[in-house]
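The analysis underlying the following values was restricted to heavy atoms, covering all of them including side chains, and did not include hydrogens, waters or symmetry mates. Below, read A as the first sequence line, B as the second, and so on, with proteins coming before strands; counting in each chain starts at 1.
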There are 2 protein chains.
Amino acid sequence: MSDLLERLRGRGWRMTAQRRVVAEVLNGEHVHLTADEVHARAVAKLPEISRATVYNTLGELVSLGEVLEVTTDKRAKRYDPNAHRPHHHLVCARCGAIRDVHPTGNPLADLPDTERFGFTVSDVEVTYRGLCPNCAGA
Amino acid sequence: MSDLLERLRGRGWRMTAQRRVVAEVLNGEHVHLTADEVHARAVAKLPEISRATVYNTLGELVSLGEVLEVTTDKRAKRYDPNAHRPHHHLVCARCGAIRDVHPTGNPLADLPDTERFGFTVSDVEVTYRGLCPNCAGA
DNA sequence: CGTTTGACTTAGACAATGTCCATTGTAGGA
DNA sequence: TCCTACAATGGACATTGTCTAAGTCAAACG
């Protein structure tokens with residue numbers, strides 16, 4: 001689990017208590033927290049950590065490619081530590097639950113040249129929407 | 001072009017100058033304006049229109065299925081009047097330009113049961129990212 | 001046509017999310 | 001241990017969106 005901390009230190013990232021806490025909070029599969037949620041959990045471990053620091057640190061982790069920004073709903077950005085396996089997202093339209101998914105096929109290949117308008121297309125982002133077992137059962 | 005206005009009136013929508021202006025602003029292909037941009041253009045035609053009315057009207061158009069909400073960037077929601085032909089979006093990572101695109105294939109079929117976590121999946125949203133001709137040339 | 005009525009509009013306060021900056025603190029090297 | 005550049009802090013500010021109370025108007029009715 002300190003994989004992340006090791007990698008960061010190896011990249012010359014200056015290690016501080018605050019950064020360690022943020023990195024610890026963002027750990028695991030199917031983790032998609034908002035900045036505020038990250039802050040709340042960080043405060044539980046390190047009460048004096050500030051909002052600005054959480055935002056800064058998240059921004060840096062995104063720049064370093066260690067964490068992905070996800071915008072599945074129109075509210076807050078979410079942060080996804082699963083940056084090293086490419087994946088897409090499945091979102092419950094009712095409760096907002098999010099799962100990482102790995103579809104087969106390559107959507108990039110499905111966009112004909114005539115539909116590219118001269119763009120250099122480099123990336124695709126796919127969001128599946130539906131109801132999770134809980135919400136569908138109700 | 002008054003297709004939209006006709007349809008709305010037919011549905012018992014009370015027609016006001018403000019609503020007409022908003023509907024007129026949202027007209028055309030590849031139109032993806034933020035609420036603020038809609039407001040700015042509406043004010044040009046009807047100076048006393050208020051922000052709240054623009055938000056209300058956009059929300060109603062979305063509820064009626066006449067306009068789609070698009071969240072390609074993490075900033076503001078955008079409103080897409082092209083609601084009657086299903087499509088996806090191609091976004092310039094630099095300048096934010098957006099084009100409507102129609103990929104071949106069906107991403108829904110590419111999500112195996114084992115990757116559905118018991119969800120009832122009903123919809124997919126695909127966002128291609130890259131550089132538009134202008135930004136790539138620079 | 002004039003009245004009437006309830007839906008629509010308005011302005012501005014408020015809320016949620018995110019950014020910026022000047023000041024203070026500290027990790028890690030010499 | 002001391003220095004210094006980099007990081008953290010807190011609070012002001014910005015952007016986007018929501019809500020409410022009061023005024024206004026579209027359209028149905030006579």
Side-chain angles (χ1 to χ4, degrees), chain A residues 2 5-6 8-25 32-64 66-80 96, chain B residues 2 5-6 8-26 32-43 45-64 66-80 96:
Chain A
S2 310
L5 293 178
E6 287 307 319
L8 293 172
R9 195 191 297 275
R11 293 217 212 173
W13 215 50
R14 187 159 148 188
M15 189 51 56
T16 68
Q18 291 84 347
R19 286 176 168 188
R20 197 188 329 272
V21 165
V22 170
E24 281 171 8
V25 167
H32 308 87
L33 300 169
T34 65
D36 247 25
E37 287 164 352
V38 171
H39 181 234
R41 299 192 187 194
V43 163
K45 300 183 174 205
L46 187 70
E48 67 276 21
I49 193 171
S50 77
R51 241 163 40 93
T53 296
V54 170
Y55 276 100
N56 287 342
T57 304
L58 289 172
E60 284 161 23
L61 289 171
V62 170
S63 293
L64 292 169
E66 296 291 347
V67 163
L68 296 177
E69 262 182 20
V70 181
T71 58
T72 50
D73 63 18
K74 40 283 172 189
R75 317 284 284 302
K77 292 183 219 172
R78 294 178 174 275
Y79 294 88
D80 182 343
Chain B
S2 310
L5 293 179
E6 286 307 318
L8 292 174
R9 194 192 296 275
R11 294 217 211 174
W13 217 48
R14 187 158 149 188
M15 189 51 55
T16 67
Q18 291 84 349
R19 287 176 168 186
R20 197 186 331 272
V21 165
V22 170
E24 280 171 11
V25 166
L26 286 173
H32 307 87
L33 300 169
T34 64
D36 247 26
E37 287 164 352
V38 172
H39 181 234
R41 300 193 185 194
V43 163
K45 301 184 175 209
L46 186 69
E48 66 276 23
I49 192 172
S50 78
R51 241 163 39 92
T53 295
V54 171
Y55 276 100
N56 288 342
T57 305
L58 289 173
E60 284 160 24
L61 289 171
V62 170
S63 295
L64 292 170
E66 297 290 348
V67 163
L68 297 176
E69 264 183 17
V70 181
T71 57
T72 51
D73 63 17
K74 40 279 168 191
R75 316 283 286 303
K77 294 181 216 172
R78 293 178 174 276
Y79 294 88
D80 182 343

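- Each of B/Arg78 and B/Trp13 has a nearest nucleotide on DNA chain D; the 5'-most of these lies closest to B/Arg78.
- Atom CZ in A/Arg9 sits roughly 10 Å away from atom C1' in C/dA27 (whole-Å rounding).
- Within the 4.5 Å cutoff, the side chain of A/Thr57 has heavy atoms near those of the A/Leu61 side chain.
- Here the nucleotide nearest the side chain of B/Arg51, chosen from C/dA13, C/dT10, C/dT9, is C/dA13.
- A heavy-atom distance below 4.5 Å is found between the side chains of B/Val22 and B/Ile49.
- Following rounding to the nearest Å, B/Met15 (CE) and C/dA7 (C1') show an atom-to-atom distance of 14 Å.
- At a threshold of 4.5 Å between non-hydrogen side-chain atoms, the residues B/Thr16 and B/Thr53 do not count as touching.
- Among the atoms of the strands shown, only primed sugar atoms or phosphate atoms (P, OP1, OP2) are found under 4.0 Å from some heavy atom of A/Ala76.
- Using a distance-only test at 3.5 Å, with no hydrogens or angles considered, a donor-acceptor pair links the side chain of B/Arg19 to the main chain of B/Arg14.
- Contacts between chain B and DNA chain D, taken as any atom within less than 4.0 angstrom of a protein heavy atom, begin and end at D/dT16 to D/dA27.
- When the nearest nucleotides of DNA chain D are assigned to B/Thr34 and A/Ala52 by heavy-atom distance, the more 5′-ward of the two goes with A/Ala52.
- At whole-Å resolution of the value, OH in B/Tyr55 and P in C/dA11 are 15 Å apart.
- Atom P of nucleotide C/dC8 and atom CD of B/Glu60 are separated by 6 Å, given to the nearest angstrom.
- Following rounding to the nearest Å, B/Leu58 (CG) and C/dT9 (C1') show an atom-to-atom distance of 15 Å.
- Across its full length, the helix from C/dC1-D/dG30 to C/dA30-D/dT1 shows an angle of 20° between the axes of its 5 terminal pairs at either end, rounded to 10 degrees.
- Taking each heavy atom of B/Ala42 and B/Val25 in turn, the nearest pair found is N-CG2, 4.0 Å.
- Across all their heavy atoms, A/Leu5 and A/Ala23 have their closest contact at CD2-CB, 3.7 Å.
- Atom CG of A/Asn56 and atom P of C/dC21 are 12 Å apart (whole Å).
- Between B/Thr16 and the phosphate of C/dT9, there is a side-chain N or O to OP1/OP2 separation shorter than 4.0 Å.
- Taking side-chain N and O atoms only, B/Arg19 has a distance below 4.0 Å to OP1 or OP2 of C/dC8.
- Salt-bridge check for B/Glu60 with B/Arg11: failed, with every basic side-chain N at 4.0 Å or more from each acidic carboxylate O.
- At whole-Å resolution of the value, CD in A/Glu37 and P in C/dG18 are 11 Å apart.
- Rounded to the nearest 0.5 Å, atoms CZ (B/Arg41) and CG (B/Leu33) are 4.5 Å apart.
- Pairing each heavy atom of B/Tyr79 with each of B/Leu26, the nearest pair is O-CD2, 3.9 Å.
- Ranked by how close their nearest DNA chain C nucleotide is to the 5' end, B/Gln18 and B/Arg14 are led by B/Arg14.
- Legend: residues meeting salt bridge (charged side-chain N to carboxylate O under 4.0 Å, His left out) with A/Arg20, ordered by chain and number and at least two apart, are absent.
- Atom P of nucleotide C/dT19 and atom CG of A/Asp36 are separated by 12 Å, given to the nearest angstrom.
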